[in-house]
Amino acid sequence: MENICVLGATGSIGCSTLDVIRRNPERFSVFALTANSQDQKLLEQVREFKPQYAVLTNEKAAARLEQAVKAEGLKTEVLSGSKSQALVAADSAVDAVMAAIVGAAGLLPTLAAVKAGKKVLLANKEALVMAGDVFMQSVRDSGSVLLPIDSEHNAIFQCMPRDYQQGLENVGVRRILLTASGGPFRDTPVEQLQGVTPEQACAHPNWSMGRKISVDSATMMNKGLEVIEACWLFNARPDQVDVVVHPQSIIHSLVDYVDGSMLAQLGNPDMRTPIAHALAWPERIDSGVSPLDLIKLGHMDFQPPSFQRYPCLKLAQDAVSAGGTASAMLNAANEQAVSAFLGGRIGFTHIAQVIDATLQEASFVSASSLDSVLEADVKARSLADRQIVKLA
Ligand SMILES: NC(=O)c1ccc[n+]([C@@H]2O[C@H](COP(=O)([O-])OP(=O)(O)OC[C@H]3O[C@@H](n4cnc5c(N)ncnc54)[C@H](OP(=O)(O)O)[C@@H]3O)[C@@H](O)[C@H]2O)c1
C-alpha cells in the first residue's frame with residue numbers, strides 16, 4: 001500500500017489522479033489532499049478518500065472546510081496556508097507526491113517533496129521551467145524518483161533507453177520529438193486570433209484541462225514550456241528537442257534513434273494513462289482509459305508548427321537557449337499575460353506581445369540558486385504588468 005499526497009487535488013490532474021486511485025484501492029491510500037480555495041470540492045474528496053490531512057492555502061476556505069469536516073465527524077486534520085502544502089508533501093509517511101498545482105505556486109511544495117526524497121509525479125511543469133537547475137540538483141542530492149506526468153514527457157520516458165541521463169548522443173538518440181495538437185485555433189485565420197474569447201481558447205479539441213494550460217495550448221506556450229521541461233528531464237540540449245503538430249493527439253511523443261528507428265507511445269488522449277503509468281511504475285495498472293481503436297482512427301496527420309501562428313513557441317525556444325533566469329521570466333510573464341487574457345483585460349495575441357516585451361526589457365542571471373529564480377519571477381511579473389496596463 002503506497003501513501004499518496006495529491007497537491008492540486010481539486011484540479012483536472014488532481015481529479016484524474018483520484019480516479020486512478022479509486023480504481024486501485026488495494027495499492028494506494030490517500031494521505032493528504034491540497035488545493036487553493038475550492039473547499040466544497042475538497043470536502044467531497046475528503047469524504048470519499050478520508051486522508052489524514054486536507055490543506056487549503058486560502059485561510060477563509062480552510063476555516064469553512066474545517067467546520068464542515070468537524071460537523072460530519074470526519075477525522076481529517078485541516079491545515080491552511082501555502083507552507084502547509086510543503087509540510088504534508090514532505091511528511092515521512094508519504095511515499096509518492098502528485099505535483100499538480102498549476103503555475104509557479106507549485107514550485108516550493110514540489111521542491112519540498114523532492115528534497116524529502118519522495119517519488120514525485122510531476123505535472124506542474126512550471127516548477128521545472130522556472131528552477132530546472134535547482135530542481136534537478138535536488139533530485140540528484142536526495143535520490144528522489146522523478147516521473148513525468150505530462151503526456152508528452154511520459155511518452156518519451158517510456159520510449160527512452162534506461163541510461164539517457166548520460167546525454168542523448170551517448171545512448172544513440174538523435175532527438176526527441178514532441179507532438180502538439182495545435183489547439184483550438186490551428187485552422188483559424190491568423191488575422192482573426194486577436195478577437196478570440198477566453199471561452200474559445202479554453203475549448204481544447206482533444207483534451208479536457210484547467211483554464212491556464214488550455215490557454216497555453218492555444219498559444220502553444222504549453223509546447224514551449226514542454227521543450228524546456230524536456231531539456232531538464234532528459235538531459236537534452238534545446239537543439240535536440242523538436243516539435244511536430246499532430247492534430248489527433250494519439251501519438252503522445254517520439255524518440256528518434258541514430259539507426260533510423262523512431263519509438264512512439266500511442267493512446268487515447270486521457271491523462272489517466274500517464275498518471276496510472278507513473279503511479280504504478282515500473283508495473284502497469286488499470287487506468288479506466290478505453291483501448292485505442294486504430295481502425296476507427298484510420299489515419300494520423302503531421303505538420304510543422306508555424307511561428308507566425310504560435311510566436312510563444314519561439315519565445316520559449318529562445319528563452320531556453322538564453323539560459324539562466326530567462327525561462328523563469330518567460331514563465332512569470334506568461335502567467336501574468338494569461339491571467340490578464342482570462343480576465344478580459346487583454347486580447348489573445350497580446351499574450352505573446354507581453355512576454356516578448358518583458359523578455360526584451362529583462363536581464364538574465366544565473367539560475368543556480370532558488371533566490372535568484374524567485375527574484376527573477378517577481379521582477380518579470382512587474383515588467384509584464386506594466387506591459388499589460390499599456391495594452392489594456
Ligand atoms: N490538465 C491537464 O490535462 C494537464 C496535462 C499536462 C500537464 N498539466 C499540468 O498540471 C498542472 C495542473 O493543471 P490542471 O489543468 O490540473 O490545473 P487546474 O485544473 O487549474 O487545477 C489546479 C490545481 O491547483 C490548485 N491551485 C491553484 N492555485 C494554487 C495556489 N496558489 N496554491 C495552491 N494550489 C493552487 C487548484 O486549487 P483550487 O481548485 O482550489 O483553485 C487546483 O487544485 C499544470 O502545471 C499543468 O501545466 C495538466
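Both ligands and their constituent atoms are indexed starting at 1 by order of listing.
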Which residues pass the side-chain contact (heavy atoms from CB on, under 4.5 Å) test with S16, not counting sequence neighbours? R272, I275

E375: partners by side-chain contact (heavy atoms from CB on, under 4.5 Å), with sequence neighbours left out: none

I'd like the contact residues of ligand 1, where contact means a heavy atom below 4.0 Å. G8, A9, T10, G11, S12, I13, A35, N36, S37, Q38, T57, Q85, A100, I101, V102, A105, A123, N124, K125, E126, D150, M209, G210, I213, M271

All pairs passing ring-ring contact (aromatic ring centres under 6.0 Å, His included) where residues 286-330 contributes a residue, at least two apart: H246-F302

Quick test of your reading of the model: are K314 and D318 salt-bridged, counting only N-O distances below 4.0 Å? yes

Could you check whether E169 pairs with R175 (Lys NZ or Arg NE/NH1/NH2 to Asp/Glu carboxylate O, under 4.0 Å)? no

Identify whether the distance between the nearest side-chain nitrogen and carboxylate oxygen of E44 and R47 falls below 4.0 Å. no

